[in-house]
Each structure stands twice: as C-alpha cells, then as structure tokens.
Amino acid sequence: DPCAQHVLAMMLALGRRLLPSHRDQLTTRGWGYVERRYESRLLTGQNVLLLGYGAIGRRLVELLAPFGMNLSAVRRQIRSERGIRIIPEEAVSSALAAADHVVNILPDNASTRNYVNARRLACIKPGARFYNVGRGTTVDERALLEALRSGRISEAYLDVFETEPLPVDHPFWSQPNCYVTPHTAGGRHDQDTAIVKHFLRNLAAFE
C-alpha cells in the first residue's frame, strides 16, 4: 500500500504540475496561470506500463482503476490478471513505445540488473514519465540521466538508487525534470508496529 500510494501521489503531482508551482512559491513567486493550466494533464485514458507485477503492482492497479487508465504489466509468468493486461517479455519494446507512464517495481536479481538500460529507454514513447520504486540496481542511471537531459523522458520520479544515500554531488539532485525521495516510498508512520503484527500473523500460521 505505501509504495502504490506513493506512485499514485507522484503521478497526480506531476500531472497537475504541483511540483513546479511549489518551486515557484519557494523562489520567484511567479503567477504562471496560462503555462500551468495548459501543461496540466489528466490521468484519464493514459497508458501505464508496470515493469514487474507483484503485491505493489496489484495494489497500484486497484488505485488507478477509477482513473480509467489503460494498464499493462511485463512479467515472466504469462497468466491473466483482473484489471490489467499481462504482456510477455518479448513484447516489452512495443509496450514501452505506447506507455505514457513506465513504473519500475522490479526486484534486484541477476536477470533484472540494469534492466532499464539505454536500449529500453530508447524504446520509450518520447515525453513519457518514468517512476522507480523497485530497486536502484535495475536502472542504468547514466542512461536514464541522458534520457532526461535529451527530453526523451519528460520527467522521472526516483525513490531508489544504486548507491544510497544518493551522493550529494549526483546529477539527479540538480536535474530539473528529476524528482528524488530518499527511499521512503515504502514508509508509513506506524511501519514498525505493522511489521511486528505481520510477523505475528505469519508465526501463528506457521505454528
């Protein structure tokens, strides 16, 4: 739930241009009325591609359902799922080309390291947005930075990185179309209590 809500929050914030408006509030206090109104987008009818589909992906699909978005996911096990189209790995290039939002929730393993590389980023629809709440090792950060600088990726929201904490001189911090949070997508105020309760339920089931 926390990771899924985090992605939804960033989708809405980017679509409704909340972050640039907040930046203006802190700096120039400019009244970008026309610019902000015409930059704003609705989620309705947009295409979302999930890289990986587990518990976070299932919850995100539930949260996105009311917006009437077209939802797809790439995963190795090709079986039908409610509310989303599962596509095979060999179709990922065409899926990337159609996506307005690419959400990376891949785990870290030998087959996923640098999965989001220069070749796959080149397949992404120009102007799409990229989100990573999976693992930093699954993204070629240099290639992503180049895609952001060229405008191939219009904006990226990143919560996880290959090196954490993200070094203070890393270019992601100063890239204007990149938004960073410090690996907090999975956080919640009562997370320790929730973890203990989850453990106790599992222990009872085990016993």
Side-chain angles (χ1 to χ4, degrees), residues 1-30 32 35-44 46-52 56-57 59-60 63-64 67 69 96 99-106 108 114-118 120-122 124-189:
D1 232 8
C3 286
Q5 290 188 29
H6 214 79
V7 173
L8 173 59
M10 190 55 65
M11 281 186 175
L12 288 168
L14 293 176
R16 305 310 304 167
R17 312 313 295 153
L18 302 186
L19 298 171
S21 291
H22 186 243
R23 180 193 62 213
D24 289 351
Q25 179 183 347
L26 297 177
T27 55
T28 65
R29 300 185 181 178
E35 177 185 8
R36 287 292 133 72
R37 286 182 70 91
Y38 285 99
E39 285 179 345
S40 295
R41 296 287 184 271
L42 297 178
L43 296 183
T44 312
Q46 292 196 333
N47 299 321
V48 178
L49 176 65
L50 307 183
L51 303 178
I56 295 171
R59 183 59 181 137
L60 182 58
L63 295 177
L64 294 177
F67 293 96
M69 306 181 84
L96 288 168
D100 300 296
H101 305 267
V102 178
V103 182
N104 180 29
I105 45 181
L106 290 169
D108 173 58
N114 277 346
Y115 183 90
V116 181
N117 53 29
R120 290 194 173 97
L121 286 166
I124 291 180
K125 177 181 179 179
R129 293 186 173 123
F130 177 76
Y131 312 77
N132 190 11
V133 294
R135 287 292 179 264
T137 54
T138 63
V139 175
D140 181 336
E141 293 183 348
R142 184 175 298 180
L144 176 58
L145 186 62
E146 179 56 36
L148 285 166
R149 287 172 171 169
S150 69
R152 181 81 188 190
I153 303 296
S154 66
E155 290 171 306
Y157 158 63
L158 308 175
D159 184 62
V160 290
F161 305 90
E162 188 169 5
T163 299
E164 296 184 3
L166 187 66
V168 295
D169 60 348
H170 196 289
F172 281 150
W173 287 112
S174 55
Q175 183 62 32
N177 54 344
C178 183
Y179 301 93
V180 171
T181 52
H183 204 140
T184 54
R188 47 189 282 190
H189 76 285

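Because only heavy atoms are used, hydrogens play no part in the values below, and waters and symmetry mates are left out as well, while side chains stay in.
Annotation for A128 and A99: closest pair CB-O, 3.4 Å, computed over non-hydrogen atoms. Heavy atoms only, all atoms of each residue included: C178 and L158 are closest at SG-CD1, 3.6 Å. Pairing each heavy atom of E155 with each of Y179, the nearest pair is OE2-OH, 3.4 Å. Across all their heavy atoms, R135 and N104 have their closest contact at O-ND2, 4.3 Å. What you find for A185 and Y157 is that their closest heavy atoms are CB-OH, 4.2 Å. In this structure, L43 and M69 approach most closely via the heavy-atom pair O-CG, 3.3 Å.
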Begin with the C-alpha distance, continue with both residues' side-chain angles, and end with the deciding distance and a verdict on side chain to side chain contact (heavy atoms under 4.5 Å, CB included) for D1 and Q5. CA-CA 6 Å; D1 232 8; Q5 290 188 29; 3.7 Å; yes
Evaluate Y131 against H6 for side-chain hydrogen bond (donor to acceptor under 3.5 Å, both in side chains), listing each step before the verdict. CA-CA 10 Å; Y131 312 77; H6 214 79; over 6 Å; no
The test is side chain to side chain contact (heavy atoms under 4.5 Å, CB included); show your working for L144 and V116 and say whether it passes. CA-CA 8 Å; L144 176 58; V116 181; 5.8 Å; no
Does the side chain to side chain contact (heavy atoms under 4.5 Å, CB included) test come out yes or no for H183 and V133, once each step is laid out? CA-CA 8 Å; H183 204 140; V133 294; over 6 Å; no
Begin from the C-alpha positions of M10 and L19 and carry the test side chain to side chain contact (heavy atoms under 4.5 Å, CB included) through to its verdict. CA-CA 9 Å; M10 190 55 65; L19 298 171; 3.8 Å; yes
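At most 12 non-hydrogen atoms from other residues, nucleotides or ligands lie less than 6.0 angstrom from CZ of R142.
With rounding to the nearest 0.5 Å, the separation of CZ in R120 from CG in N114 is 10.0 Å. Taking CG from N177 and CG from L14, the interatomic distance works out to 10.0 Å, rounded to the nearest 0.5 Å. Separation of atoms OG1 (T138) and CD (E162) is listed at 10.0 Å; rounding is to 0.5 Å. Rounding to the nearest 0.5 angstrom, the gap separating the CG atom in L145 from the CD1 atom in I153 is 12.0 Å. Note: L51 CG to F130 CZ = 7.0 Å, rounded to the nearest 0.5 Å. With values rounded to the nearest 0.5 angstrom, I124 atom CD1 is found 8.5 Å from L49 atom CG.
Formation of a donor-acceptor pair under 3.5 Å by the R152 side chain with backbone atoms of R149 is not found in this model. A donor-acceptor pair under 3.5 Å is formed between the side chain of D100 and the backbone N or O of N47. For W173 (side chain) and P167 (main-chain N/O), a donor-acceptor pair under 3.5 Å exists by modelled atom type.
When side chains are defined from C-beta on, L121 does not count as touching E146, because their heavy atoms never get closer than 4.5 Å. Side-chain atoms of M11 and V103, non-hydrogen and from C-beta on, do get closer than 4.5 Å to each other. You'll find the side chain of T27 stays beyond 4.5 Å of the side chain of H22, heavy atoms only.
D24 and R36 are joined by a salt bridge, as a carboxylate oxygen and a charged side-chain nitrogen come within less than 4.0 angstrom of each other.
With C3 as the partner, the side-chain contact (heavy atoms from CB on, under 4.5 Å) test is satisfied by one option alone out of L60, I56, T184: I56.
Using modelled atom types and a 3.5 Å distance limit, the side chains of D140 and N117 yield no donor-acceptor pair.
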